[in-house]
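In the text below, chain A, chain B and the rest are named by the order of the sequence lines, each starting its count at 1. Keep in mind the model is a prediction, meaning the values are calculated, not measured.
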There are 2 protein chains.
Amino acid sequence: MDARHLNLTQQLVHELGRSILKGKYKVGGKLPSEAELGEIYDISRNATREAVKMLTAKGLISSRPRKGIQVADQNKWNLFDTDVLGWILVGKPDLYMLRHFMQLRQPVEAQAAYLAAQYATAEDFDNIEQALSNMQLAEVNNDAEATHHADVKFHKAVLNATKNPFFIQLENFIEIALKVNLRYTNRIKPVTELEYQAHADLFAAIKKGEAAKAYEFAMSTQSATLKLVDEAITRSESEA
Amino acid sequence: MDARHLNLTQQLVHELGRSILKGKYKVGGKLPSEAELGEIYDISRNATREAVKMLTAKGLISSRPRKGIQVADQNKWNLFDTDVLGWILVGKPDLYMLRHFMQLRQPVEAQAAYLAAQYATAEDFDNIEQALSNMQLAEVNNDAEATHHADVKFHKAVLNATKNPFFIQLENFIEIALKVNLRYTNRIKPVTELEYQAHADLFAAIKKGEAAKAYEFAMSTQSATLKLVDEAITRSESEA
DNA sequence: TAATTTTTTTAATAACATTATTATAAACCT
DNA sequence: AGGTTTATAATAATGTTATTAAAAAAATTA
C-alpha cells in the first residue's frame, strides 16, 4: 500500500491523513503532540512538523501552542484535494457519501458536456473517442476493470475538453466518485449493459457541437444513477 | 496587507503563493532554493521548508533533490483551496477567469438550490431569510458593500442547506466568484436592480420545497450572468 | 477574584550528516 | 570512431539533533 519511495514526511502525511478519515482521530479531538508523533513513528520532530504543516494546508488539522494538534471541523477539510479524496476511499464511504458525490457529479458532468461541445479540439475528440473504443472492447470482453478504467478516461477527457481549469481540477473528484460508485454498483445497479451506448451518444453530441443535447444526455445519465442511489438509501432505511 | 499574527511559515506561504499566482514565478520555472529563500526572506531554513511543504500540499509547487523548487503545472493546483482562490484574486483575474468561475457556478448554484429545497431545516430558512432582509435593506440604502456582503451570506446559507459537504466546501469558491464578479459588475452589468427580487423568489421556492422550481430560478439567474460575461468577452475580442 | 507564575506545546534557529538526482566524464564495447 | 554503459562529482533536497523563544492554558498566590 505504502509506496516506500515517498519521503518520511509524505509517509507520515498519508498515515495520519488515512487515520483521520478512518475516524481513528475524531473531529475536534487531539492528535499526539509533535514530540509524541515523532516518537511513535520514529522520525525526527522536524519531519513530523513538516507533515503537520502539510495536513494543516489541506485543512485537516490545526496546531497551536499549548493546545496541541487537533482535527479540524469537517467543513474546513479541502475535500477536493486529491489526497483527501483518496483518503475518503480508505475510510468508510457509505451510500450517503455516494449520494453526496452523485449530487455534485450530476450537474458537473452535465455542464462539462455542454462546455466540451463548445470548446473541444480535435485532440480532445481523439482522446474521448479512444476511451470510448477501449470501453467497447472491455465490455465485449466482459472485463470489469478495463471498463472502469476506460470510463474514468472518458470522463476525464470530457472535463479536459471544457478548457476550464476548475472542471479540469475536478478530474480527481470524478475519478473518486466513479470508484465509490463502483463499490456499490452491484448493490444499486445490477445491470451494467448499455453503458457504452450512453457514452457514445454523449460523444456524438459533443462532436457535433450540440451543447444542449450533450447537456441533456449527461444530465439524464447522472440523474438515473442518482435516482438509483436515492432508492437504495430509502430501501436500506426502511430495512433498519 | 500581511497579518502580523501569522507565523513566519504562513507569512512565507502567502508571500510565495501570491507571487506564483501573480506570475512572478512562471509555471515550470524555478523558485530560489531552500537556502536562498531563507536568505531572501530572512527566516531559517526549517521555516522555509515548512512553507515549501505547505505549498506542495496545495499543489502549487514541487521540490525534488537536484531539480530544486519549481512551480507545478496549473492542473495540479488545488484551485478549490481557500488560499489559492484568494491568491487568484490578488493575481490578475480577467474576463476569461470570470467566465471560468461562472461556468462552474451556474450548475453548482442551481443544484444547490434544488438540494436546499429538499434538505433545508428551519435554521437554514432563518439564515437565508436574514441574508435576504439584509440585502433588501442594503439595496434601499444603496449600500453596495453591504449588498455584496448580504449576497455572499445568502448563497453560503443556501449551500449550507444542501447538507452536502462538497457543496458546503464550495462556499469559498462561490465567495471568490462573487468577488471577481463584483470587480466586473460595472462593465458587464450596468443595472443592479431586481437583485433582491430574484433572490427572494429563489428563497420562496426553497422554502416551499419546490426543488425543480428553485433549480430553474437559480439556473436562469446564473445563465443570464454567464451570458453577459460571454457577450463582454465577444465585445472585447472584437475591439482587439 | 484578579493578577502572577508555572508548565506545556508549538515556533524558530542553527549546525550537521545523509540521500537522491542529474550532468559530466571516463571506460567500454562493437 | 561512434555509441552505450558505468563511475564520479556536484548540487539540492532530505533528515537529524540540540537549543532557545514565544504563546497559551492551568495552577498558584495575593
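- We find that CD of B:E34 is positioned 11 Å from P of D:dG15, with the value rounded to whole Å.
- Side chains of A:N78 and B:N78 form no contact here, defined as non-hydrogen atoms less than 4.5 Å apart.
- Bounding nucleotides for the chain B contact on DNA chain C, 5' to 3', at a heavy-atom distance below 4.0 Å, are C:dA11 to C:dT22.
- Here the side chains of B:P165 and A:L79 are in contact, with some heavy-atom distance below 4.5 Å.
- Within residues 48-61 of chain A, no residue places a heavy atom under 4.0 Å from DNA chain D.
- Fit an axis to the five pairs at each end of the helix from C:dT1-D:dA30 to C:dT30-D:dA1 and the two axes sit 10° apart, to the nearest 10 degrees.
- Side chains of A:W77 and A:I61 form no contact here, defined as non-hydrogen atoms less than 4.5 Å apart.
- For A:Q103 and B:Q111, the side-chain atoms include no donor-acceptor pair closer than 3.5 Å.
- Inter-residue side-chain proximity for A:V180 and A:I176 is flagged as met; some heavy-atom pair is nearer than 4.5 Å.
- Applying the side-chain hydrogen bond (donor to acceptor under 3.5 Å, both in side chains) test to A:E109 and every residue at least two apart in sequence or in another chain returns A:R105, A:H155.
- Below 30°, between 30° and 60°, or above 60°: for B:F166 and A:F101 the angle between ring planes is between 30° and 60°, a tilted geometry.
- At a threshold of 4.5 Å between non-hydrogen side-chain atoms, the residues B:Y184 and B:L95 count as touching.
- One finds a salt bridge joining B:D124 and B:K163 here, because a Lys/Arg side-chain nitrogen approaches an Asp/Glu carboxylate oxygen to under 4.0 Å.
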I'd like to compare against my own output: the B/S/- annotation of nucleotides 17-26 of chain D with a strict under-4.0 Å heavy-atom distance to protein. B------BBS

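- Looking at B:N46 and A:E50, their side chains never bring a donor and an acceptor atom within 3.5 Å of each other.
- The aromatic ring centres of B:H199 and B:F154 sit less than 6.0 Å apart.
- Donor-acceptor pairing under 3.5 Å is recorded for the side chains of A:E171 and A:N160.
- By the 6.0 Å contact criterion, NE2 on B:H149 is open, its count of non-hydrogen atoms from other residues, nucleotides or ligands being 12 or less.
- Atom NZ of B:K76 sits in a sparse spot, with 12 or fewer heavy atoms from other residues, nucleotides or ligands closer than 6.0 Å.
- Residues A:Q70 and A:S62 meet the side-chain proximity criterion, which asks for heavy atoms closer than 4.5 Å.
- For DNA chain C, no neighbouring residue in residues 26-33 of chain B is found when judged by any heavy atom under 4.0 Å.
- The shortest distance between the side-chain N/O atoms of A:T9 and the OP1/OP2 oxygens of D:dT14 is not below 4.0 Å.
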